[in-house]
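Residue numbers begin at 1 in each chain, while the letters A, B, ... track the order of the sequences.
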Amino acid sequence: MDNEIRVRFAPSPTGPFHIGGARSALFNWLLAKKLGGKMVLRIEDTDRDRSKPEYEENIKNALKWLGINWDEGVDVGGPYGPYRQMERLDIYKKYTDQLLAEGKAYYCYCSPEELEAEREALTAAGKMPRYMGKCRNLTPEQRAKFEAEGRKPTIRFRVPEGVDLTFNDLVRGEVHFDSDGIGDFVIVKADGIPTYNYAVVIDDSLMHITHVIRAEEHLSNTPRQLLVYDALGFKRPEFGHISLILGKDKKKMSKRHGATSCDQYRQLGYLPHALVNFLALLGWAPTDEQEIFTTEELIKAFNMKHVAKNPAVFDIEKLNWINAHYIKQMTPEDFFALAKPFMVKAGYMTGEETGEKLAWLEKVVATAQTQVEFGAQIPPAVALYFNDNFDFETQEAADVLKEETVPTVMDMFFKELAEAATLDGPTVKAMFKTIQKTTKLNGKHVYMPVRVALTGNQHGPELVEMIPLLGAERTKQRMEASLKKAGIK
RNA sequence: GGCCGGUUGGUCAAGUGGUUAAGACACCGCCCUUUCACGGCGGUAUCAUGGGUUCGAAUCCCGUACCGGUCACCA
């Protein structure tokens, strides 16, 4: 199984799972599925201050929600564990000792203040800020002196001079770096915990990762990692750096741009597959014109060759369109299930309803299915079925009731309503027909006053659909109240 | 500032030397309809910029501008 494709998603549990992380995970997952490979989930929790267990949970839950599963990693295990970096410290130590012994790494006793001063001096001199190698060649005496002072050293990687660091990026093609532009970087912090650029190499190598697909912000880190691969005698994997997701103002997506975490979209009632479909189209495009994909179709069509180099602006409008598309395709049962928590939260139902009440709620909710883009929009879309005390939405709406034909229409309507044996779509339709015939008024002059009197609004669902749901009694009451308010009767 | 990457309509994007430069979202119009929504049809709008190379350039080369990433004991 030496040529098995293995990818990984390696998030840091330092915050709510970000939409950009979801896309990285998705691209890795699609590639693995496409090539029949394996996906590893590794948690990079070496930032002790910011890593939190609840964020790890948040990430895992979001991945599961999106339908992105992993074959190896935290929770599911696998042959190359543990899959949490803080549980792998002894592994890193072994390699660190090796690098130290070979002189490829060295102890650095510079304090944060000293390093800061160096950076500032360099910047002031118009040079690039980087570590100049102060502790590169410490004598045993100097080291002993620092140790005696109680200084805790970091371990730095000795970056060789004049080395060309070139790799072929799956997305960007051949990328060159020169080792001279890189200062000796810290691989083990003073507290003994490895840094990202170091641990990631050991883990990816030991976990036999063949393709490292990650965000573009890591592109400049790659040469450092290449150096570590080479120093440790590890085989370099393939790299693919996907572009960043930007906000409307073309700046990197952040909280300012609205919802950035997966959770927020879940809470707003977006469908996981809609998000997946949308994210897949952000930075990747099929060769044909297809926009809507099932997961299987996505896997089949996905190809790293068509991953875009340029960053993409997150367009909520398009996400909404995709989500609305999937919502329209839902079964009534699924749509009701989606609506339920939002309806409960709005106070329109308790969630305990049964029988007729439940049946009525189902019908009401069903009217929203072609109108909403995501779950949170459902309560406002059905609000008119729950609120009998409404005002006229606009003056224009109120004016509709001032037309001289209105009293006649209303009288007839109330009469028809009182005489109706049952109140379903066809009977309501017949009622309007009768009124139209008798009064010889066009549809607008019959329907619109009734609509305004019934809802206070000139727009809304079909009356033929709405009146049966409201029932004769509420219909009558609502309309009479409106007429009174308008000063008619 | 150094290094690295990027630039096709408002947005996502197809395109790899010869196309009327696809498609989608958004927008506008028309149709359907008692209204809105849904749906259907149609429309406006793009190769950042300046030089090359070439019979011919969105496509290849160089410069410029702009945007982004990175230069941490964060990942």
Side-chain angles (χ1 to χ4, degrees), chain A residues 10-14 44-47 49-51 85 108 110-112 115-116 119 122-123 125-131 152-156 169 171-173 175-178 180-183 185-197 199-200 214-224 241 243-244 246 248 250-252 278 281-292 306 308-322 324 328 367-372 381 432 436 442-452 455 457-464:
Chain A
S12 294
T14 53
E44 311 218 326
D45 53 355
T46 55
D47 185 335
D49 295 332
R50 297 196 300 147
S51 294
Q85 289 187 326
C108 169
C110 295
S111 69
L115 293 170
E116 181 57 31
R119 260 197 297 276
L122 247 21
T123 310
K127 300 209 170 132
M128 75 173 111
R130 67 180 169 111
Y131 183 69
K152 284 261 180 281
T154 60
I155 298 173
R156 286 185 184 269
D169 192 278
V171 176
R172 277 143 223 289
V175 184
H176 297 267
F177 286 95
D178 190 329
D180 292 349
I182 304 168
F185 54 94
V186 173
I187 57 174
V188 179
K189 303 180 229 175
D191 59 7
I193 295 170
T195 60
Y196 163 73
N197 277 313
V200 73
R214 61 192 3 172
E216 192 190 335
E217 56 196 338
H218 293 294
L219 188 58
S220 312
N221 285 142
T222 307
R224 286 179 187 73
H241 290 91
S243 58
L244 264 14
L246 271 28
K248 268 246 178 287
K250 304 246 180 190
K251 302 264 189 244
K252 193 174 168 181
F278 171 69
L281 257 24
L282 217 50
W284 169 80
T287 41
D288 61 17
E289 296 171 3
Q290 194 171 352
E291 302 275 340
I292 298 296
H306 284 92
K309 297 180 174 71
N310 52 309
V313 172
F314 187 92
D315 182 10
I316 189 79
E317 300 282 358
K318 182 137 187 183
L319 202 215
N320 285 344
W321 175 77
I322 291 177
K328 280 173 209 133
T367 64
Q369 193 163 353
T370 57
Q371 298 178 45
V372 299
F432 280 110
Q436 273 191 73
N442 65 17
K444 193 170 179 179
H445 280 85
V446 176
Y447 282 94
M448 197 48 82
V450 173
R451 169 178 300 286
V452 170
T455 66
N457 203 312
Q458 288 165 287
H459 310 297
E462 283 187 52
L463 290 171
V464 166

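- In this structure, the ring pair (Phe, Tyr, Trp, His ring centres under 6.0 Å) partners of A:Trp284, at least two apart in sequence or on a different chain, are A:Phe293, A:Phe302.
- In this structure, the side chain of A:Arg172 engages the main chain of A:His241 through a donor-acceptor pair within 3.5 Å.
- The heavy-atom pair separating A:Arg451 from A:His459 by the smallest distance is NH1-C, 3.8 Å.
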Note, RNA chain B 5' to 3' with Watson-Crick or G-U pairs under 3.5 Å encoded as ( ), [ ], | and . gives ((((((((.[[[..)..(....]]].(((((.......)))))....[[[[[..)....]]]]])))))))....

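- Remark: A:Lys252 is not in phosphate contact with B:rC67, judged by side-chain N or O atoms under 4.0 Å from OP1 or OP2.
- Taking atom CG of residue A:Leu246 and atom C1' of nucleotide B:rU7, one finds them 12 Å apart after rounding to whole Å.
- Note that the CD1 atom of A:Ile292 and the CD1 atom of A:Ile322 stand 5.0 Å from one another [nearest 0.5 Å].
- Straight-line distance between the C1' atoms of B:rU11 and B:rU46: roughly 12 Å, to the nearest whole Å.
- Remark: the backbone N or O of A:Thr195 is not paired with any side-chain donor or acceptor of A:Thr46 at under 3.5 angstrom.
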Quick test: give all pairs of protein nitrogen or oxygen and nucleotides 73-75 of chain B nitrogen or oxygen below 3.5 Å, distance rounded to 0.1 Å.
from   : atom 1 : to       : atom 2 : distance (Å)
B:rC73 : O2     : A:Ala190 : N      : 2.9
B:rC73 : N4     : A:Cys110 : O      : 3.1
B:rC74 : OP2    : A:Lys189 : NZ     : 2.8
B:rC74 : O2'    : A:Asp47  : OD2    : 2.8
B:rC74 : O2'    : A:Arg50  : NH2    : 3.3
B:rA75 : OP1    : A:Thr46  : O      : 3.4
B:rA75 : OP1    : A:Thr46  : OG1    : 2.8
B:rA75 : OP1    : A:Lys189 : NZ     : 2.6
B:rA75 : OP2    : A:Tyr196 : N      : 3.2
B:rA75 : O3'    : A:Ser12  : OG     : 2.8
B:rA75 : O3'    : A:Glu44  : OE1    : 2.9
B:rA75 : O2'    : A:Ser12  : OG     : 2.4
B:rA75 : N6     : A:Asn221 : OD1    : 3.1
B:rA75 : N6     : A:Asn221 : ND2    : 3.2
B:rA75 : N1     : A:Asn221 : OD1    : 3.2

Where do A:Asn221 and A:Val200 land on the side chain to side chain contact (heavy atoms under 4.5 Å, CB included) test, with the steps shown first? CA-CA 11 Å; A:Asn221 285 142; A:Val200 73; over 6 Å; no

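- Atom name C1', nucleotides B:rC36 and B:rG18: the rounded distance is 49 Å, in whole Å.
- For A:His241 and B:rG69, the shortest distance from a side-chain N or O to OP1 or OP2 is not below 4.0 Å.
- B:rU8 and B:rA21: their C1' atoms are spaced 8 Å apart (whole Å).
- Here the P atom of nucleotide B:rC71 and the CD atom of A:Glu216 are 14 Å apart, to the nearest Å.
- One atom, CG of A:Leu281, and another, P of B:rC12, lie 12 Å apart when rounded to the nearest Å.
- Nucleotides B:rU20 and B:rC12, compared at atom C1', are 23 Å apart to the nearest Å.
- Spacing between B:rC3 and B:rU64 at atom P, rounded to whole Å, works out to 12 Å.
- Looking at heavy-atom distances under 4.0 Å, A:Gly283 makes contact with sugar-phosphate atoms alone, never a base.
- Considering only residues two or more places apart in sequence or on other chains, A:Val313 meets the side chain to side chain contact (heavy atoms under 4.5 Å, CB included) condition with A:Leu246, A:Lys250.
- For the pair A:Ala312 and A:Gln290, both in contact range of RNA chain B, the more 5′-proximal nearest nucleotide belongs to A:Ala312.
- For B:rG29 and B:rG6, the C1' atoms lie 37 Å apart once the distance is rounded to whole Å.
- A:Glu291 has a carboxylate O that lies under 4.0 Å from a charged side-chain N of A:Lys318, or vice versa, which qualifies the two as a salt bridge.
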Applying side chain to side chain contact (heavy atoms under 4.5 Å, CB included) to A:Ser243 and A:Asn310, what does each step give before you reach the verdict? CA-CA 6 Å; A:Ser243 58; A:Asn310 52 309; 5.9 Å; no

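- Nucleotides B:rC62 and B:rU54, compared at atom C1', are 16 Å apart to the nearest Å.
- Put simply, CZ on A:Phe314 is 17 Å from P on B:rC25, counting in whole angstrom units.
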Where protein sits on nucleotides 34-49 of chain B, one letter per nucleotide: B base, S sugar-phosphate only, - none, heavy atoms under 4.0 Å: BBBSSS----------

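- The CG atom of A:Asp315 sits 13 Å away from the C1' atom of B:rG9 (whole-angstrom rounding).
- The nearest heavy atom of RNA chain B to A:Leu282 and to A:Arg172 marks one nucleotide each, and the one closer to the 5' end goes with A:Arg172.
- Using a 4.0 Å heavy-atom distance criterion, A:Phe177 is classed as a sugar-phosphate-only contact.
- Taking atom NE2 on A:His176 and atom P on B:rG2, their separation rounds to 20 Å, with Å as the unit.
- Of all the heavy atoms in A:Ala190 and A:Thr154, the pair that sits closest is N-CG2, 3.7 Å.
- Annotation: B:rU7 and B:rU33 have their P atoms spaced 48 Å apart (nearest Å).
- Relative ring orientation between A:Tyr196 and A:His218 is described as tilted, the plane-to-plane angle lying within the 30° to 60° band.
- Nearest heavy atoms, A:Val372 versus A:Ala324: O-CB, 3.9 Å.
- In this entry the distance linking NZ of A:Lys250 with C1' of B:rG69 reads 16 Å, nearest Å.
- Partners of A:Asp191 under the side chain to side chain donor-acceptor pair (under 3.5 Å) rule, at least two apart in sequence or in another chain, are A:Arg48.
- A:Thr14 places no side-chain N or O within donor-acceptor distance of the main-chain N or O of A:Arg50, the cut-off being under 3.5 Å.
- Phosphate contact (OP1/OP2 of B:rA26, side-chain N/O of A:Lys318, threshold under 4.0 Å): absent.
- Using a 4.0 Å heavy-atom cutoff across all strands shown, A:Arg214 reaches no nucleic acid atom at all.
- Counting non-hydrogen atoms under 4.0 angstrom, A:Lys248 reaches nothing in the nucleic acid.
- Within 4.0 Å (heavy atoms only), A:Glu317 reaches sugar-phosphate atoms of the nucleic acid but no base atom.
- Taking atom CG on A:Leu244 and atom C1' on B:rU7, their separation rounds to 15 Å, with Å as the unit.
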